[in-house]
Number of protein chains: 2
Amino acid sequence: MSRTAAAPARAAGKTSARVAESADHGTRERLLDAAGEVFADRGYEQATIREICRRAGANIAAVSYHFGDKKTLYIEVIAFAHRCADEYDPAREAANAASDPAERLRAFVLTFMQRIGHKGRPAWHARLMAREMASPGAALDHVVRSGVRPKFEALQAILRRLNPRLGERQVERCACSIVGQCLIYHHARPVLARLFPHLRLDDREIAQIAEHITRFSLSAVAQAHLGGGDRS
Amino acid sequence: MSRTAAAPARAAGKTSARVAESADHGTRERLLDAAGEVFADRGYEQATIREICRRAGANIAAVSYHFGDKKTLYIEVIAFAHRCADEYDPAREAANAASDPAERLRAFVLTFMQRIGHKGRPAWHARLMAREMASPGAALDHVVRSGVRPKFEALQAILRRLNPRLGERQVERCACSIVGQCLIYHHARPVLARLFPHLRLDDREIAQIAEHITRFSLSAVAQAHLGGGDRS
DNA sequence: GGGCCTATCAAACAGGTGTTTCAATCGCGT
DNA sequence: ACGCGATTGAAACACCTGTTTGATAGGCCC
């Protein structure tokens, strides 16, 4: 019942090697793009295949045909977002690889905040990640493994260089503190908008907030006696 | 169509003044309790009336009868959670009213973290609030006005006493930084669980994390030159 | 041109949702 | 005991969800 032939969905993904740029480029990619936006806006459960297909100008059966499943579509959207993010990142990241740790932290926070804040068109990548972090979906493991963990370890490396006296648990908790400071502007945006009506979160303000978070965290990390727990 | 008589739901809410403790105490309150838990766990859209009624041991029509609507039930659950939280709080808060600001911050963070972390039975209040903060539902305005804003202003008062040289915007951003550090352990719990398998978030660890956040923030707030933006 | 695979379409399907309906039951005042 | 309102019960309603179906074109190679 659930798996009749399983051929069409796989066929589109495997055998269309040379058609991937002519015929497939139309619906399949348009579907990925629309799905990313809808998933980022509404969340996995709340997003409907019908709206995705409507935005992509495709038929309702297109998702079933090209991806076979809503869950599979979601996973491939995550992977697609990942590919897009990866080819946008390494330039900036490599450039700051050699600079001093404080500058690296500043760049890390600024990049994070910019990705979160931008409401612009092709910016559902970060929103999707944040959404997936908040409510675990089908692709959480994949997102964590290849998206979140690398960033987190990069941040932890920066922290260790900033203050070599920090224990491993302290490094982890400082990383959580920094990421948490950034994420609240995404997770609690509606609340913050009501609390602080003057909040606008445009480019200038995002840069200011990133600078605040950077200095806030630099001051804190510089303190050696952050302890309280085990030093592991 | 949508509103036939509207009598039964209102009748239960208004005319049952003296029955509110005998007959109503059974289903209505049991419904509120179950709904709070389900709403906190699954979120508004994902929570089903059938599961709420099943947990409350009530019929499917009970919600429609006692509250008339799923949205109305949700709003009353928020109000109910608020009532419960208010009668649990002022004791602790008043006790620390006179102590020094650093101790007040420590108490604030610890209370916040305990409420967030506890998975225990009657602890869906904070989880509900956090859930509502992340995804704005029907009762967001009410939650912010009477639930979040007072806490936030209390925190800002503490910060002003900690460092009187802070500008107003800086106070706001420091408050966001502190709340953000706490909230990540709730919003991103599944991710953190995968990133740090050793994380257990029991009472002892929550106390340690609260202590970390407190010291982290105290070090940062103590720095005078946090600027970067306007001083407003 | 004739088959054959790929892609799209409208329509329908099974399942789950919030809500309503109407009969049956309970509790209590008279 | 009776009657009446408040409350509960099982079934049905209309709607929306993801998924499947069978038909219909379109391109491509032999």
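Convention: sequence-line order gives letters A, B, ...; per-chain numbering from 1.
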Using the test ring pair (Phe, Tyr, Trp, His ring centres under 6.0 Å), find all partners of Y185(A) that sit at least two apart in sequence or belong to another chain.
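In terms of ring pair (Phe, Tyr, Trp, His ring centres under 6.0 Å), with neighbours along the sequence ignored, Y185(A) is linked to no residue.
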Hey, does L201(A) have a side-chain heavy atom less than 4.5 Å from the side chain of R189(A)?
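They are in side-chain contact.
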Side chain to side chain, F216(A) and F216(B), heavy atoms closer than 4.5 Å
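Result yes, sub-4.5 Å side-chain heavy-atom pair found.
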Report yes or no: is the cationic atom of K71(B) (NZ for Lys, CZ for Arg) closer than 6.0 Å to the six-membered ring centre of Y44(B), at no more than 45° off its axis?
no
To the nearest Å, give me how far apart [atom1] ([X]) and [atom2] ([N]) are.
{"X": "Y65(B)", "N": "dG9(D)", "atom1": "OH", "atom2": "C1'", "answer": "13 Å"}
{"X": "R30(A)", "N": "dA7(C)", "atom1": "CZ", "atom2": "P", "answer": "13 Å"}
{"X": "K70(B)", "N": "dC15(D)", "atom1": "NZ", "atom2": "P", "answer": "18 Å"}
{"X": "R42(B)", "N": "dG16(C)", "atom1": "CZ", "atom2": "C1'", "answer": "15 Å"}
{"X": "F67(A)", "N": "dT19(D)", "atom1": "CZ", "atom2": "P", "answer": "13 Å"}
{"X": "I60(B)", "N": "dG9(D)", "atom1": "CD1", "atom2": "C1'", "answer": "9 Å"}
{"X": "E45(A)", "N": "dG16(C)", "atom1": "CD", "atom2": "P", "answer": "14 Å"}
{"X": "E29(B)", "N": "dT7(D)", "atom1": "CD", "atom2": "C1'", "answer": "17 Å"}

Below the 4.0 Å mark, does [N] have OP1 or OP2 next to a side-chain nitrogen or oxygen of [X]?
{"X": "S64(A)", "N": "dT20(D)", "value": "yes"}
{"X": "H66(B)", "N": "dT8(D)", "value": "yes"}
{"X": "N59(B)", "N": "dA10(D)", "value": "yes"}

Ignoring hydrogens and angles, tell me if any N or O in the side chain of H212(A) forms a donor-acceptor pair with the backbone of R173(B) under 3.5 Å.
yes
If you take any heavy atom closer than 4.0 Å to DNA chain D, which residues from residues 46-57 of chain A end up in contact?
A47(A), T48(A), I49(A), R50(A)
The salt bridge (charged side-chain N to carboxylate O under 4.0 Å, His left out) partners of E205(B) (sequence neighbours excluded) come to none
Flag the pair E45(A) and R42(B) as a salt bridge only when some basic side-chain nitrogen lies within less than 4.0 angstrom of an acidic carboxylate oxygen.
no
Would you mind classifying the nucleic acid contact of A61(A) as base, sugar-phosphate or nothing, using non-hydrogen atoms under 4.0 angstrom?
base
